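Heads up: the structure comes next, in structure tokens.
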Amino acid sequence: MTVRTRYAPSPTGALHIGNVRSGLFAYLFARHNQGAFILRIDDTDQERSTAESLDEILDSLRWLGVDWDEGPPDRKYFQSSRFERYRESALKLLREGKAYPCYCTTAELDAMRKAAEREHRKPGYDGRCRDRTAPADLLKVELPDKRAGRNYTIRFRSPREGTTVVDDLIKGRAVFENTELDDLIIFRSDGVPTYNFATVLDDSDFGMTHVVRGDDHLPNTPRQMQIFYALGLIPPAYAHLPMVMGPDGQKLSKRHGATSVFAYRDLGYFPEALLNYLVRLGWSHGDQEIFSLQEMFDYFDFANCGKSAGIFNAEKLLWLNFHYMKELPLTRLVHDVKPFIELKGWTVPGDDVWLEKMIATLRERAKTLVELVEFASFYLNDEITIDPKAAAKFLKPDIAEPLAAAADELDALESDFAEVSIQGAFERVLARFNLKLGQLAQPVRVALTGGTVSPGIYEVIAVLGRARTVARLRNAISLAQGTEPLTH
RNA sequence: GUCCCCGUCGUCUAGCUCGGCCUAGGACACCGGCCUUUCACGUCGGUAACACGGGUUCAAAUCCCGUCGGGGACGCCA
């Protein structure tokens, strides 16, 4: 049997990191087994669903490189287009006496919950409407419709005895007493099906063989299985993944800072890094830390998924991003960095080869694209700001002469402006003034970059080129002599 | 409160299914050495964990029981 898994986000907000990991695992399991990955949109809650968040979810998945075999834009995979199907099934359950109308008011339900709490019982529906409608009348019951005055809900008649066993692919066996399962609402009074009901029909209709989701859904599973049984259907296999927690050990949420996929994209992270981080949170393949998408496809399985919740560790993600910064092809980095340069309001250089050289000198010093662009400021702007402290320390009058000599030597270099020739020029200046490299390199660094921290000085000069290098050196000479303002 | 899930370094984890190879391995972070024109990269080394208590056994991180701790679910949200 071909494996079919799904990811079913609700378009009620941004695509969350913890949430997308469940989708990723479902995706990997499908790919590992040459199966199909289905994207379904759980938008029954029309009040909270928005087109914007749907777009963000789809774009986030595309950015990550998670592709689906079936799903949007095909309307068939939107729950909102399947209401007829849900109605028909609910009616069927009603006719068979497997569901019944509930006339309880919200106030009544609240009182019930409070009472249960007082008596130290699990708060839940006590089934008072279960037998309120005679079997014969059940055949005539219609679905709720507020406008037609049918202001009630439809509840599922849950079994009162026995147990429901969930043999989870990750957690193992969990046994639930059926008495723990109260009669849940399958149709709201506004005529909209609820999640637990709709999801069962969808998982069945779309042929899901494996339902992969967060373990916060584990308590829903026996209820959903009972609905499958009532409908005469066979439930899929389940795999409940441990959740992702924030640093405080609580369920990851917005208050933990950046949690959406787009937040990380905008912070200058690579999709490869995010995916790699997510896959290693709750899954492992021996001691391997770095995984290409293909390797994830090849190795992923539930046997190597952990059972315990994991805490989201932003530092490890950063490290992975840094890893990909160093490993990804320069052409790719050139492509990816441009939007971040634009965001700064700087002109994006047209010469990709030059950008590659620039990035080559920075990639080992920046962990994100945002950081890289910040470091690249002195490469990308002619107006550099010289740090006053650095100037005070390294641009003193007695360095003016060596700097002038360096400027002349560099200017005199023939067409070849490579690192070796630059080094040669430096060595000549060093010998002439009897200086150590550091004594010249730091002032030059300040002159060219504005600060005391930068890539190797020969690299910087090679990338900057003759004209800009010499101009900045000459400017620094005046500064060292105390005749120029700090900013030029 | 009730039900369910979970418990190896600060964090992610290997090992647990089939007890001995575990003096508990790797990674991030942290600390120190080396490299060095700055900052990094790199490299070498270090600190650091089997939640606790009972069993079973010649032998337990690995099997059993209990305790404690953490999380999740209890909605006309998904």
Side-chain angles (χ1 to χ4, degrees), chain A residues 8-10 12 19 42-45 47-49 79 102 104 106 109-110 113 116-125 144 151-155 166 168 170-172 174-177 179-182 184-196 198-199 213-222 240 242-243 245 247 249-251 277 280-290 303-304 306-320 322 326 362-366 375 390 394 426 436-442 444-446 449 451-458:
Chain A
S10 288
T12 53
N19 197 311
D42 280 11
D43 60 349
T44 49
D45 187 346
E47 256 119 76
R48 295 196 302 146
S49 299
Q79 287 188 327
C102 171
C104 293
T106 311
L109 260 17
D110 281 347
R113 268 189 282 274
E117 219 168 301
R118 265 200 307 279
E119 291 158 37
H120 294 186
R121 287 181 293 110
K122 186 172 182 167
Y125 182 65
N151 197 9
Y152 47 80
T153 61
I154 302 296
R155 285 187 186 268
V166 180
D168 193 83
I170 292 172
K171 302 279 183 169
V175 180
F176 295 84
E177 291 293 333
T179 47
E180 290 295 326
L181 278 26
D182 64 352
L184 73 160
I185 291 172
I186 59 174
F187 251 84
R188 304 198 224 150
S189 58
D190 60 1
V192 173
T194 57
Y195 163 77
N196 275 306
T199 206
R213 50 170 40 156
D215 70 10
D216 48 340
H217 282 284
L218 194 50
N220 283 328
T221 305
H240 285 96
M243 316 213 58
M245 307 300 201
Q250 307 285 307
K251 196 171 170 176
Y277 177 72
R280 279 287 288 107
L281 184 55
W283 175 79
S284 61
H285 181 70
D287 287 337
Q288 188 169 340
E289 295 287 349
I290 306 298
N304 290 308
K307 294 179 173 187
S308 50
I311 291 173
F312 182 78
N313 184 198
E315 303 225 293
K316 187 142 186 184
L317 206 208
L318 233 205
W319 173 76
L320 276 163
F322 185 39
K326 287 179 290 186
L362 296 173
R363 70 196 318 196
E364 287 178 350
R365 295 171 168 78
F375 287 157
F394 294 107
F426 262 64
K436 279 190 270 185
L437 181 53
Q439 294 173 293
L440 181 62
Q442 276 306 79
V444 170
R445 194 184 312 281
V446 175
T449 72
T452 55
V453 172
S454 85
I457 200 65
Y458 305 141

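Worth saying up front: this structure is predicted, and the values here are computed from it rather than measured. In the text below, chain A, chain B and the rest are named by the order of the sequence lines, each starting its count at 1. Any value given below was found using the heavy atoms of this structure, including those in side chains, with hydrogens, waters and symmetry copies removed.
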Summarise protein proximity over nucleotides 66-78 of chain B in one line of letters, 5' to 3': B for base, S for sugar-phosphate only, - for none, counting protein heavy atoms closer than 4.0 Å. -----SSSBSBBB
Opposite nucleotide pairing with B:U37, Watson-Crick or G-U, both atom distances under 3.5 Å: none
Tell me: CG of A:N313 to P of B:C30, nearest whole Å? 11 Å
5′-ward residue of the pair A:E117/A:F176 relative to RNA chain B: A:E117
Quick one, A:F322 and A:K326 - any side-chain contact, counting heavy atoms below 4.5 Å? yes
Need one value for A:G282: base, sugar-phosphate or nothing, where a base atom within 4.0 Å counts as base even if backbone is also close, heavy atoms only. sugar-phosphate
For B:C18, give the paired nucleotide (Watson-Crick: N1-N3 plus N6-O4 or O6-N4; G-U: N1-O2 and O6-N3; both under 3.5 Å), or none. none
Comparing nearest nucleotides in RNA chain B, the 5'-proximal residue of the pair A:G306, A:T452 is A:G306
Separation of the C1' atoms in B:A14 and B:A61, to the nearest angstrom: 12 Å
Students often get this wrong, so: under 4.0 angstrom with heavy atoms, is A:P247 touching a base, only sugar-phosphate, or nothing? nothing
Between B:C21 and B:A29, how far apart are the two P atoms, rounded to whole Å? 31 Å
With rounding to the closest Å, how many angstrom separate the P atoms on B:G70 and B:C65? 23 Å
Integer-rounded Å distance: B:G25 P and A:H285 NE2: 21 Å
Just how far, in rounded Å, is P of B:G10 from NZ of A:K316? 15 Å
Quickly work out the A:I311 CD1 to B:A27 P distance and round it to whole Å. 21 Å
Taking B:G75 as the reference, what is the distance to B:G53 when you measure between their P atoms (whole Å, please)? 40 Å
Is the phosphate of B:G42 approached by A:K326 (side-chain N or O, under 4.0 Å from OP1 or OP2)? yes
Tell me, do A:H240 and A:N220 make a side-chain contact under 4.5 Å, heavy atoms counted? no
Does the side chain of A:Y125 reach to within under 4.5 Å of the side chain of A:C104, using non-hydrogen atoms? yes
I'd like the C1' distance from B:U56 over to B:C31, given in whole Å. 43 Å
Taking the inter-plane angle between the rings of A:F426 and A:Y458 on a 0 to 90° scale, is it parallel (under 30°), tilted (30 to 60°) or perpendicular (over 60°)? perpendicular
For nucleotides B:U8 and B:C4, find the distance between their C1' atoms and express it as a whole number of Å. 23 Å
Round to a whole Å and report the spacing from NZ of A:K307 to P of B:U13. 14 Å
I'd like to know if A:R280 reaches the base of B:U13 with its side chain, counting only an N/O donor and acceptor under 3.5 Å. no
Evaluate the side-chain proximity of A:F176 to A:T221: yes if any heavy-atom separation is below 4.5 Å, no if none is. no
Would A:R445 count as a cation-pi partner of A:F394, with NZ or CZ less than 6.0 Å from the six-membered ring centre and within 45° of the ring normal? no
Atom pair distance, as rounded to whole Å: CG in A:L281 and P in B:A27: 19 Å
Out of B:A14, B:U38, B:C28, which has the shortest distance to the side chain of A:W319? B:C28
Answer for the Watson-Crick or wobble partner of B:C52, both distances under 3.5 Å, is B:G66
Which part of the nucleic acid does A:K436 contact within heavy-atom distance under 4.0 Å: base, sugar-phosphate only, or nothing? nothing
With both distances kept under 3.5 Å, what pairs with B:C3, Watson-Crick or G-U wobble? B:G72
Without decimals, in angstroms, what is the distance between A:E315 CD and B:C28 C1'? 8 Å
Could you check whether any side-chain heavy atom of A:V453 comes within less than 4.5 Å of a side-chain heavy atom of A:F375, counting everything from C-beta outward? no
Mind checking the C1' distance from B:A49 to B:C28? Whole angstroms is fine. 16 Å
Quick one: are A:P144 and A:T153 in side-chain contact, heavy atoms under 4.5 Å? no
Among the candidates B:U37, B:C4, B:C39, find the nucleotide nearest to the side-chain atoms of A:L218. B:C4
Could you measure between the two C1' atoms, the one in B:C9 and the one in B:C30, and give it in whole Å? 12 Å
Pairing nucleotide - B:U57, Watson-Crick or G-U, each distance under 3.5 Å: none
Taking any heavy-atom pair under 4.0 Å as a contact, classify A:I457: base, sugar-phosphate, or nothing. base
Side-chain contact check for A:K171: nearest option of B:C39, B:U37, B:C5 is B:C5
Less than 4.0 angstrom from a charged side-chain N to a carboxylate O is my criterion; do A:E289 and A:R280 meet it? yes
hbond_proxy A:E289 side chain to B:G26 base (donor-acceptor, 3.5 Å cutoff): yes
In whole angstrom, give the distance that lies between atom CD of A:Q288 and atom P of B:C28. 14 Å
For B:C31, does the glycosidic angle fall within 90° of 0 (syn) or outside that (anti)? anti
Got more than 12 heavy atoms from elsewhere within 6.0 Å of CD, A:E47? no
